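Only a predicted model underlies this, so the values are computations on that prediction, with no experimental measurement involved.
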Amino acid sequence: MGVLKIDTRHPLACVLVMIAMLTLVACRKDVEVFLPETVQVGPQEVIVQPDDEREEGSEAGFKSIQGFYLLNEGNMGSNKATLDYYDYATGTYTRNIYGNANPNVPKEMGDVGNALAIYGERLYAVINCSNKIEVMDRRTARRIGQVEIPNCRYIRFHEGYMYVTSYAGPVAVGTEHKQLGYVAKVDTATLQVVATCLTGYQPDELEIANGKIYVANSGGYLTPNYENTVSVIDLQTFTEEKRITVAKNLHHLRADRHGQLWVNSRGDYYTEPSKLYCIDLRTEQVADSIDVAVSNFHLDGDSLYIYGASWSYLTMEDEVTYGIVDVKKRQLVTTNFITDGTEQSIQKPYGVTVNPLTKDIYVTDAKNYVNPGTLYCFDKEGRKKWSVRTGDIPAHIVFLGEKYE
């Protein structure tokens, strides 16, 4: 989607705008067109954490945070992935910043934004169905380059390399398209793929811990015969050592500071429900499980913030839950981290993130997956502070700030 630039002081400006908008609507009657837009949602000071107050074992390691980016996935096939930005100092939220930052890039970000990360001075966005990773300047969102990887899913970084999961084949459901996925190793200096390692079918999120890469194999295209393993890849040799059997249709992974790996199973949507599992990284075996539906999660210290929007073909509806798991105790300590009742206004939770300094909780709402979504901000006590309209299917947040050396 291009950016319309017209001098509104010109007498024909209004006419030109109307013609352009009517042309856009005529071409795609089913798509709402957005131009970059900034709205005020309430200022919040930029917090700088003194060195002597640094949280021990903090996953993020932030000294200060200036703002955050939000990647909107967009509807598959509509080329509507967009990037938003929230500035803590001014309290302004700007929608669809990529077009303004990159006016000469055709089709803007692309089709389905699946993951977002900052590494060094660069911002990386995984654009799944466009088979690429957009590489941008972390402060301006100007494009630096791109990495082409088919059906790419998630990313992690380690010592100058980016590791990317790939479904390898096209977006296609059915055993006739059965093809092992892989992890690609990318040199972040050259943006070149230097090696690949095969995994299970349809690998999703990956995590790096103890010199190894752990990959959640979903087998999502092989329904109802989903995968049920986590691939273990040695970082040095970049070869798959083994697979850990866990449960069907795995999705997200996160390692805590106690030598444990948390992974969620989406189940089979019929008789096997979604569930949360804990793998002991010393034995590389499943050590525990918690009977709670988990669609996505975010780890902050020892608190694993979870939400579950567990679809069932038996009931034909989602069962939505929110909660916090104490990863040290391996216990669900609350069944709802939203305490003021405003979770009733969230239609389809799609992402959860916690600011590591303020402990504000962010929940994205995809609504009907077609129209613009909403980002909700709650304070650390679970009370709503503000909400703002986003792009279509808001999903992935990454904080912009300064980290400890």
Side-chain angles (χ1 to χ4, degrees), residues 1 34 36-39 41 60 65-87 93-102 105 107-119 122-147 149 151-157 162 164-165 204-206 251-252 295-298 307 348-355 362-367 369-377 387-401:
M1 180 178 66
F34 293 102
E37 180 183 8
T38 297
V39 294
V41 297
I65 295 176
Q66 284 74 52
F68 62 78
Y69 292 100
L70 186 150
L71 179 63
N72 301 286
E73 290 190 357
N75 318 103
M76 185 178 293
S78 66
N79 200 62
K80 287 179 65 178
T82 58
L83 189 66
D84 300 347
Y85 181 73
Y86 176 69
D87 187 302
Y93 187 90
T94 305
R95 292 185 278 265
N96 194 18
I97 67 170
Y98 184 88
N100 262 359
N102 303 280
V105 176
K107 297 184 179 180
E108 295 201 10
M109 294 200 77
D111 195 10
V112 186
N114 205 74
L116 191 67
I118 288 177
Y119 184 69
R122 295 178 176 182
L123 174 67
Y124 297 80
V126 177
I127 312 299
N128 172 225
C129 291
S130 290
N131 306 306
K132 66 173 182 175
I133 298 166
E134 281 285 299
V135 184
M136 299 159 278
D137 181 280
R138 74 177 185 129
R139 296 194 180 278
T140 64
R142 292 194 183 96
R143 178 196 262 189
I144 294 171
Q146 69 177 49
V147 183
I149 295 177
N151 212 336
C152 42
R153 301 291 293 175
Y154 292 93
I155 52 177
R156 284 287 184 273
F157 297 87
M162 172 171 58
V164 188
T165 51
D204 272 319
E205 197 166 27
L206 68 166
H251 192 189
H252 294 289
S295 300
N296 204 345
F297 51 59
H298 178 89
Y307 78 84
K348 298 289 183 183
Y350 204 74
V352 59
T353 309
V354 178
N355 183 310
Y362 298 94
V363 177
T364 61
D365 183 359
K367 297 189 179 297
Y369 301 107
V370 176
N371 299 117
T374 300
L375 170 66
Y376 292 88
C377 175
S387 63
V388 65
R389 177 169 64 82
T390 64
D392 294 357
I393 314 181
H396 314 283
I397 290 176
V398 65
F399 293 101
L400 174 66

For [X], which residues count as a salt bridge (charged side-chain N to carboxylate O under 4.0 Å, His left out) partner, sequence neighbours excluded?
X      : answer
Asp111 : none
Asp204 : Arg153, Arg266
Arg142 : none
Glu134 : Lys132, Arg143

Item to complete: State whether the side chain of Asp137 and the backbone N or O of Thr140 hold a donor-acceptor pair below 3.5 Å, judged by distance alone.
Response: yes

Worksheet item: Ignoring hydrogens and geometry, is there a side-chain-to-backbone donor-acceptor pair from Tyr93 to Arg389 under 3.5 Å?
Response: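 Not a single qualifying donor-acceptor pair exists.
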
Mind checking side chain to side chain contact (heavy atoms under 4.5 Å, CB included) for [X] and listing every partner two or more places apart, or none if nothing turns up?
X      : answer
Ser295 : Tyr307, Ala309
Thr374 : Asp365, Lys367, Tyr376, Ser387
Ala395 : Glu73, Tyr350

Nearest heavy atoms of [X] and [Y], plus distance in Å:
X      : Y      : value
Tyr98  : Met109 : CG-CG, 3.4 Å
Gly74  : Val112 : O-CG2, 4.3 Å
Pro349 : Val363 : CB-CG1, 4.4 Å
Asn128 : Cys152 : ND2-O, 2.9 Å
Leu83  : Ala141 : CD2-CB, 4.2 Å
Ile97  : Thr94  : CG2-CG2, 3.5 Å

Discussion item. Determine whether Ile393 and Lys80 satisfy the following criterion, side chain to side chain contact (heavy atoms under 4.5 Å, CB included), listing intermediate values before the conclusion.
Written reply: CA-CA 10 Å; Ile393 314 181; Lys80 287 179 65 178; over 6 Å; no

Discussion item. Go through it in stages, so that I can follow the logic: the residues are Leu70 and Leu375, the test is side chain to side chain contact (heavy atoms under 4.5 Å, CB included), and I'd like the CA-CA distance, side-chain angles, deciding distance and then a yes or no.
Written reply: CA-CA 9 Å; Leu70 186 150; Leu375 170 66; 4.1 Å; yes

Reported [atom1]-to-[atom2] distance for the pair [X] and [Y], which is rounded to 0.5 angstrom:
X      : Y      : atom1 : atom2 : answer
His396 : Thr353 : NE2   : OG1   : 9.5 Å
Glu205 : Asn296 : CD    : CG    : 7.5 Å
Ile144 : Arg138 : CD1   : CZ    : 11.0 Å
Arg95  : Thr38  : CZ    : OG1   : 8.5 Å
Ser130 : Asn79  : OG    : CG    : 5.5 Å
Leu116 : Tyr69  : CG    : OH    : 9.0 Å

What residues form a side-chain hydrogen bond (donor to acceptor under 3.5 Å, both in side chains) with [X], not counting sequence neighbours?
X      : value
Tyr124 : none
Arg122 : none
Asn72  : Thr82, Asp84

Worksheet item: Is there a side chain to side chain donor-acceptor pair (under 3.5 Å) between Asn131 and Asn151 once you walk through the steps?
Response: CA-CA 5 Å; Asn131 306 306; Asn151 212 336; 5.9 Å; no

Item to complete: Answer yes or no: is there a side-chain heavy-atom contact under 4.5 Å between Tyr85 and Leu400?
Response: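 The answer is yes, as the side chains (C-beta and beyond) meet within the 4.5 Å cut-off.
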
Worksheet item: Quick one: are Met162 and Val147 in side-chain contact, heavy atoms under 4.5 Å?
Response: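 Contact flag for Met162/Val147 side chains = yes.
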
Item to complete: Just say parallel, tilted or perpendicular for the rings of Phe68 and Tyr86, cut-offs at 30° and 60°.
Response: tilted

Discussion item. Taking the ring of Tyr154 and the ring of His252, is the distance between their centroids below 6.0 Å?
Written reply: yes

